[in-house]
Amino acid sequence: MTKEEMTDLEKDRIIEMAWEDRTTFEAIFMQFGLKEQEVIDLMRIEMKASSFKMWRERVQGRKTKHEKLRDFKEGRFKCSRQRHISHNKISKR
């Protein structure tokens with residue numbers, strides 16, 4: 001999928017995933033077919049310059065953005081204070 005073929009909704013989702021600390025570039029590639037450099041290029045085009053600069057500073061060298069650098073290999077990170085879904089007091093709608 002090229003940047004020209006993407007809908008605004010898909011671009012928004014990619015940007016949202018790129019901002020998330022725990023979503024890897026590999027996950028974005030699996031879902032949208034964009035490599036890390038293509039995600040960076042998309043972010044540079046779609047965001048304000050100051051927002052892009054702030055994002056790049058956050059992401060550069062972050063272990064959680066790359067599958068190979070993560071401390072955990074299987075499953076996903078879960079905070080010890082996070083409730084299990086079955087014990088969630090807020091009902092699903």
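From a predicted model like this one, the values you see are computed outputs, not experimental measurements.
- Minimum heavy-atom separation, T23 to M17: CB-O, 3.4 Å.
- A salt bridge links E16 to R13: at least one charged side-chain nitrogen sits closer than 4.0 Å to a carboxylate oxygen.
- Scored by the side chain to side chain contact (heavy atoms under 4.5 Å, CB included) test, K53 finds E57 as partners (sequence neighbours excluded).
- Considering every non-hydrogen atom in both V39 and A18, the closest pair reads CG1-CB, 4.0 Å.
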Exercise. Applying side-chain contact (heavy atoms from CB on, under 4.5 Å), run through E36 and F29 and close with a yes or a no.
Key: CA-CA 8 Å; E36 179 180 352; F29 179 76; over 6 Å; no

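- Across all their heavy atoms, G33 and E38 have their closest contact at O-OE1, 3.8 Å.
- In this structure a side-chain-to-backbone donor-acceptor pair under 3.5 Å is missing from W55 to M47.
- In this structure R44 satisfies the side chain to side chain contact (heavy atoms under 4.5 Å, CB included) test together with I40, D41, F52, sequence neighbours excluded.
- Rounding to the nearest 0.5 angstrom, the gap separating the CD1 atom in I14 from the CG atom in L42 is 5.5 Å.
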